[in-house]
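The structure appears below as structure tokens.
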Protein chains: 2
Amino acid sequence: MTLRDVAQLAGVSLSTASKALNGRTDVHPETRRRVLDTAERLSFKANSSARALHTGRTGTLGLITNDLEGRFSIPILMGAEDAAGAGEMSIFLCDAREDAIRESYHLRALLSRQVDGLIIVGSRTDPRPSLGHELPVPVVYAYAPSDSPEDLSVVPDNVAGGRAAVEHLVSLGRRRIAHIAGDRSWVAARDRVDGVHDYLTEQGLELAGGRPHYGTWSEGWGRGAVRAVIEATPDVDAIVCGSDQIARGVLEGLKGLGRRVPEDVALVSFDNWEPFARGSVPQLTSVDMNFEAMGRRAAQKLFAAMSGKVEQGVLTQPCRLVVRGSSIQGA
Amino acid sequence: MTLRDVAQLAGVSLSTASKALNGRTDVHPETRRRVLDTAERLSFKANSSARALHTGRTGTLGLITNDLEGRFSIPILMGAEDAAGAGEMSIFLCDAREDAIRESYHLRALLSRQVDGLIIVGSRTDPRPSLGHELPVPVVYAYAPSDSPEDLSVVPDNVAGGRAAVEHLVSLGRRRIAHIAGDRSWVAARDRVDGVHDYLTEQGLELAGGRPHYGTWSEGWGRGAVRAVIEATPDVDAIVCGSDQIARGVLEGLKGLGRRVPEDVALVSFDNWEPFARGSVPQLTSVDMNFEAMGRRAAQKLFAAMSGKVEQGVLTQPCRLVVRGSSIQGA
DNA sequence: TTGTATGCGTTATCAT
DNA sequence: ATGATAACGCATACAA
């Protein structure tokens, strides 16, 4: 099924058929209708290799991801699909599995496929090595920013997320707030801590126990840490947890200690990973990273760069507090 | 950077350069080396649109998925990447979001991009509508089988998985085994029940309480159901749970009832979704669906079909029991 | 063994 | 308004 067939059946020349299908001017309305009709009838779709060969644009994006479970990359992919609009763009998804060799391998393959742009998704918000500035197509880094200020990156605003979490608790009248955080070596953990600390300081408050408790991103850490927190500051009335998984551990620990959530201790966590956040009793109030919006934004910036509007630096994507039963009774 | 440039710098003609790079015979070793060297030096990669236009093969696969979180599709994608071998294939990932309109839309787009084959991933193992047999490229259905016997599908062997789960419990000496299953309307739930039932019957045993307990795929269902089970059959010494999430609820419920796991009651579940299976205390013994192997298999079958070896029917992919602390002390 | 010439399906330029 | 024709970059049949 080629354009030639369509042209023949419509009784026009190849070039007229092309113009008609591409919505160009200088083609009689009647002729255009006839061409469109026959194309529809034959369910003709232009061969995109041929088109790409001529136009130099393939209408494809490369998405290289490094998060093994696709927890970030699938929503980001969906956002990018949306941003592209009526399916003008198709996306190659490659999994680099945190391996630089594999990543550069995928990179070469994608460039050879003449993708129009690249989105690089990391597994944590710590800066990652830049792919360099010699690439023939624009690149946007998502979730993990590039370590080069000349690149463009989109990352979640974890500091604002931390503020939002603790602001919510304060607005509920809680004042003795502890923070059981994630892994100190992760920027995300420290950013969240910073946001919490900033807001408390502004309000003339401070963390129960005077400092955050760093650990690991696990339920086990939450279970263990909450014992220490309750022991050190028995009057604590709220806990900010570094992730939903930590919160699940904290919740379990609090039950074991006879504290009710949210009556005695309110909980707010991060990620809003629904299987975890909505599986517990009570469900978790959590700060959502807005991955899909991040994907949309990344793709939009990519399109902008493709049309010449290059931008640099790190853009932050607002987070969104989702309130559930762990912080408000009856929610 | 085109082949012409490479040829020019290597001092040969276009066609000689092409032959040299494509490893064809009838080219002087010395000449080939010179061409390969210059290609390497210029980091030349053939324009795949041009190649595709000529050969009719794009070296791309389309993967249309319907599972929102990418829990199935990412491992399946990885498996397919592996099966393709040294990165010969790139994969378009499209998310149809359980929407037939969107699916057919992606389908059209992928066909217009001349993908060499298609993998269609569903969100549950119930049969799904076939895309038809008029497609110009081979299709393999993964996880959710096609409802047409003329198509080729690869699905997890949930019946064998159910057998494996209960066989493990019986081998540990458990005899009063209950089954808190998932949603009865899902084939996966019924298959797992069937496997459990078959093995028990073979062994002259039967389920504690005489029948499985169907519900929903949630922690909440597990929490509630386990109370009823313990009440009805207080001497139960093992429970097969329809999913890891159900098992998490069951585990929590058992603790509330003062039963120890695994000493009093052993637990086996399905999915081996690590964040859940490894987050609890004890960790969950679980039946893994082997998604990555499923992806490899699907891709292999696709490649076979692409080279003429068409197959039909539903292939089952073996599951794998992962033993952890919920069934064996000290594990 | 090497080079010349042709075609893949499309778009774009230029006559008509 | 329409149509002939030349690219796009590569692979191959065929001539040298």
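Residue numbers start from 1 in every chain, and the chains themselves are labelled A, B, ... in the order their sequence lines are given, proteins ahead of strands.
As judged by a 4.0 angstrom heavy-atom cut-off over every strand, B/T2 is placed among residues touching the sugar-phosphate backbone only. In this structure, A/R24 reaches the sugar-phosphate backbone alone: every heavy-atom distance under 4.0 Å involves primed, P, OP1 or OP2 atoms, never a base. A/T31 comes within 4.0 angstrom of the backbone, heavy atoms only, and of no base. Counting any heavy atom pair closer than 4.0 Å across all strands shown, A/S48 reaches no nucleic acid atom.
Residue order along DNA chain C, read from the 5' end via each residue's closest nucleotide, puts B/T16 first among B/L53 and B/T16.
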One pair to check against salt bridge (charged side-chain N to carboxylate O under 4.0 Å, His left out): A/R102 and B/E81. What are the steps and the verdict?
CA-CA 12 Å; A/R102 214 186 296 261; B/E81 270 182 355; over 6 Å; no
If you apply the rule salt bridge (charged side-chain N to carboxylate O under 4.0 Å, His left out), what do you find for B/R297 with B/D157, and how did you get there?
CA-CA 14 Å; B/R297 184 111 170 267; B/D157 192 344; over 6 Å; no
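Counting non-hydrogen atoms of neighbouring residues, nucleotides and ligands closer than 6.0 angstrom, the CD atom of A/E30 exceeds 12 such neighbours. Around the CZ atom of A/R24, the shell of radius 6.0 Å holds no more than 12 heavy atoms that belong to other residues, nucleotides or ligands.
The side chain of B/S13 approaches C/dT4 more closely than any other nucleotide in the set C/dT4, C/dT11, C/dG9.
Rounded to whole Å, atom P of C/dT10 lies 12 Å from atom NZ of A/K45. Atom pair A/D26:CG and C/dT11:C1' shows a separation of 15 Å (rounding to whole Å applied). Taking atom CG on A/L14 and atom C1' on C/dC8, their separation rounds to 13 Å, with Å as the unit. We find that CD of B/Q114 is positioned 14 Å from P of C/dC8, with the value rounded to whole Å. Straight-line distance from the CZ atom of A/R4 to the P atom of C/dC8: 7 Å, rounded to whole Å. Regarding A/K19, its NZ atom lies at a distance of 16 Å from the P atom of C/dT10, rounded to whole Å. Rounded to whole Å, the distance from CG on A/L3 to P on C/dT11 is 7 Å. When rounded to the nearest whole Å, the span between CD of B/Q8 and C1' of C/dG3 equals 14 Å.
Shown are B/V139, B/V140, B/L302; of these, the side-chain contact (heavy atoms from CB on, under 4.5 Å) with B/L118 is made only by B/V139.
At the phosphate of C/dT11, OP1 or OP2 sits under 4.0 Å from a side-chain N or O atom of A/S18. Proximity of A/N47 to the phosphate of C/dC8: no side-chain N or O atom is located under 4.0 Å from OP1 or OP2.
Contact check on B/R41 versus B/D37 returns no salt bridge, with no Lys/Arg side-chain nitrogen under 4.0 Å from an Asp/Glu carboxylate oxygen.
Each end of the helix from C/dT1-D/dA16 to C/dT16-D/dA1 gets its own rotation axis from five pairs of C1' atoms, and the angle between them is 50° to the nearest 10 degrees.
Judged by distance alone with a 3.5 Å cut-off, no donor-acceptor contact links the side chain of A/H54 to the base of C/dT10. Judged by distance alone, with hydrogens and angles left aside, B/S15 brings a side-chain donor or acceptor within reach of the base of C/dT4, the pair sitting under 3.5 Å.
Contact footprint of chain A on DNA chain D: nucleotides with an atom under 4.0 Å from a non-hydrogen protein atom, first to last in 5' to 3' order, D/dA1 to D/dG9.
In this structure, A/D147 has no salt bridge (Lys or Arg N to Asp or Glu O under 4.0 Å) partners at least two apart in sequence or on a different chain.
Side chains of A/L21 and A/F44 form a contact here, defined as non-hydrogen atoms less than 4.5 Å apart.
Side-chain contact of A/S15 with A/S13: a donor-acceptor pair under 3.5 Å is present, judged by distance alone.
Ring orientation note: the planes of A/F92 and B/F92 are close to parallel, at an angle under 30° on the 30°/60° scale.
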